[in-house]
Amino acid sequence: MQKEPVLLFTRSAGSLHFPTGSLRKKFSQKGCEAGMWKIVTDALPQLIVAGLQYTIPIAIISFIFGLGLALLTALVRISRKKSIFFMVLKAFFRFYVWLFRSTPLLVQLFIVYFGLPYLKISGIAPDGIKLTPLVAGILTFSLNTGAYCSETMRAAILSIPKGQWEAAYSIGMTRTLALRRIILPQALRVSLPPLANSFISLVKDTSLAASITIVEMFEVSQQIAAQNFQPLVMYCLVAALYAVACTLLSWLQGYLEKITSRYVSNIN
Amino acid sequence: MLKLENLSKTFGEHRVLDGISTVFPEHETTVVLGPSGSGKSTLLRSLNLLERPEAGRYHFDDELFDFGKGLSNKEILSIRKRTEMVFQEYNLFPHLTVLKNIIEGPTQVLHEAKDTAQKRAQELLVKVGLGDKADAYPSQLSGGQAQRVAIARALAMQPKYILLDEPTSALDPELELEVLKVLRQLAQEKQTLIIVTHNMAFAREVAARVLFIENGQILFDGPKAEFFNTKKQRIVDFISAMTFENI
């Protein structure tokens, strides 16, 4: 069995590579003889490497950028500043959230990676905006998760009782200081479960990066399946790996919730 | 000295404050009485600018603030540093320990050194009878304890005026007593208090002055003794209703 996957950069669907008829039967039988265990142990290292090299870094980096963007968006949207500049800024961020929540992530990836090279702006990008697959992926994932997380954060900030603002104002705090010292720390606790949701979704959504030629975990599983003709085993295996990653994240979420909820009840 | 001239505030159609003019001298406890919805809470919150009256003038010592012209952020902050609010629902910061609740204002707003602030916070906690609660979180306190921490938090800012908005309305009588004892002590020490309350016994004991408000207007403004001996029928009725006397 071939160890190194053949890197395929242009394809539309994994099924394209499946052989048909007698050839498929022959390979399937061969697979059975080799044993399920061998198929799994052969593929596993490649999948894990792809996961560590692409899936996890893309998810983490995108989520960090996304969170920053989300916080900025949430703060602008709850801002009470009435200047023209802020009104325009608010409208812009509202448009951003609408745009990324109203269109499919896969389509967004295609627009950024395949579409933007055709966006020729004289002076700035006369030859179109050409991004490497990784940059296009991280950019799109960040923008997408940022849109969702901004709503989470906005809701969390708005959920903090008015009395907390008033108590902060009463001791002479400005709105900014009240936000930073009193409101955001409490909002963080409230927003943790939904933010963890977003991160877990993002980890799984990175599989869409396969469609813009990034050789992440799912892409590698497709390539291996195309060689060993074991799509069922390969896709179940990669599904299990996503499940393992997400389970670890759920545990992390539980741990973080425990830390940030220390003050809530008498449990100590 | 804090002086109000013709304070007016409307919520929609409803005129909550209707030309309030009065003086709150320093080192004296004023109790604000009146039926629910009379505007007494709004008046108190206006003193700390949590509510912004639409019209009227606000004198703080020699400074004059005109609500009709609007106040700058700087002016608002300068007033808030001199007036501290104590709320019915305590509004302690739940994510901070008791000690950190108290030093939050002094360190973040007044930029005091942390150890100075902590030392004074600890003294204030002893004063309100909670010297052993410095490291507790608000969720671990009873209502009476929480309200006393809130009073300590207000005192830590060394304000000229402490404004208390029904500070014991959420407490049962025993816990209420803990809080009232602290307030009585503060009044005796000549800390200026302005208290909105329904507790007539407390008003009778601690107040120097009484302000009676109804429909956004002042019906009575004068020394305590005068208030409890007034012949004004509305006030006589109010007092007897609140104290179960002559009913």
Side-chain angles (χ1 to χ4, degrees), chain A residues 71 74-75 78-83 85-86 152-153 155-196 253 255-268, chain B residues 41 44-45 47-52 73-74 76-98 100-111 135-142 146 149-150 153-159 161-165 170:
Chain A
L71 182 62
L75 289 180
I78 62 159
S79 154
R80 297 216 178 133
K81 290 201 168 66
K82 296 275 193 301
S83 66
F85 172 72
F86 253 87
T152 299
M153 289 186 181
I157 292 169
L158 294 178
S159 78
I160 303 305
K162 189 164 151 259
Q164 290 294 305
W165 284 100
E166 292 187 343
Y169 288 152
S170 175
I171 56 172
M173 287 190 170
T174 58
R175 192 172 154 84
T176 312
L177 192 60
L179 249 177
R180 187 163 64 78
R181 300 282 310 178
I182 306 301
I183 305 300
L184 286 182
Q186 296 182 60
L188 175 71
R189 185 186 73 79
V190 180
S191 63
L192 206 83
L195 286 181
Q253 176 193 348
Y255 174 70
L256 289 176
E257 276 182 36
K258 216 167 153 184
I259 293 181
T260 53
S261 300
R262 251 178 332 189
Y263 60 80
V264 174
S265 62
N266 290 315
I267 298 165
N268 258 344
Chain B
S41 277
L44 198 73
R45 290 161 59 81
L47 297 179
N48 197 30
L49 304 180
L50 288 177
E51 302 290 350
R52 229 61 70 73
N73 276 340
K74 210 177 149 194
I76 291 169
L77 289 176
S78 94
I79 289 175
R80 283 188 179 150
K81 278 178 200 171
R82 290 177 278 183
T83 56
E84 286 306 316
M85 199 75 189
V86 173
F87 303 89
Q88 180 180 341
E89 299 296 338
Y90 336 125
N91 294 347
L92 294 180
F93 306 130
H95 61 301
L96 301 177
T97 62
V98 163
K100 285 185 177 159
N101 259 280
I102 299 174
I103 66 168
E104 185 68 12
T107 55
Q108 295 296 322
V109 177
L110 305 177
H111 305 292
D135 296 323
Y137 280 101
S139 62
Q140 298 165 319
L141 303 176
S142 72
V149 171
R153 178 173 70 179
L155 285 168
M157 294 296 286
Q158 299 177 305
Y161 288 80
I162 297 185
L163 318 169
L164 302 105
D165 191 5

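Because only heavy atoms are used, hydrogens play no part in the values below, and waters and symmetry mates are left out as well, while side chains stay in. So you know, we letter chains A, B, ... as the sequences are listed, proteins then strands, and number each from 1.
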Drop me the distance from [X]'s [atom1] to [Y]'s [atom2], to the nearest 0.5 angstrom.
X        : Y        : atom1 : atom2 : result
B:Asn101 : A:Ile182 : CG    : CD1   : 7.5 Å
A:Arg181 : B:Thr107 : CZ    : OG1   : 6.5 Å
B:Leu96  : A:Gln186 : CG    : CD    : 8.0 Å

key: Toward chain B, the part of A:Leu177 with a non-hydrogen atom under 4.5 Å   = side chain
ask   = Of the listed residues (B:Lys81, B:Met85, B:Glu104), which shares the most heavy-atom pairs with chain A below a 4.5 Å separation?
value = B:Glu104
query = Between B:Leu92, B:Thr83, B:Asn73, B:Leu49, which residue shows the highest count of heavy-atom pairs closer than 4.5 Å to chain A?
reply = B:Leu92
Minimum heavy-atom distance between B:Phe93 and A:Gln164, given as atom pair plus value = CD2-OE1, 3.2 Å
query = Are any side-chain N or O atoms of B:His95 and backbone N or O atoms of A:Thr260, one a donor and one an acceptor, separated by less than 3.5 Å?
reply = no
Tell me, side chain or backbone of [X] under 4.5 Å from chain A's heavy atoms, or both, or neither?
X       : result
B:Arg82 : neither
B:Ile76 : neither
B:Glu84 : both

Pairwise side-chain contact, A:Ser170 with B:Met157, heavy-atom cut-off 4.5 Å (strictly under) = no
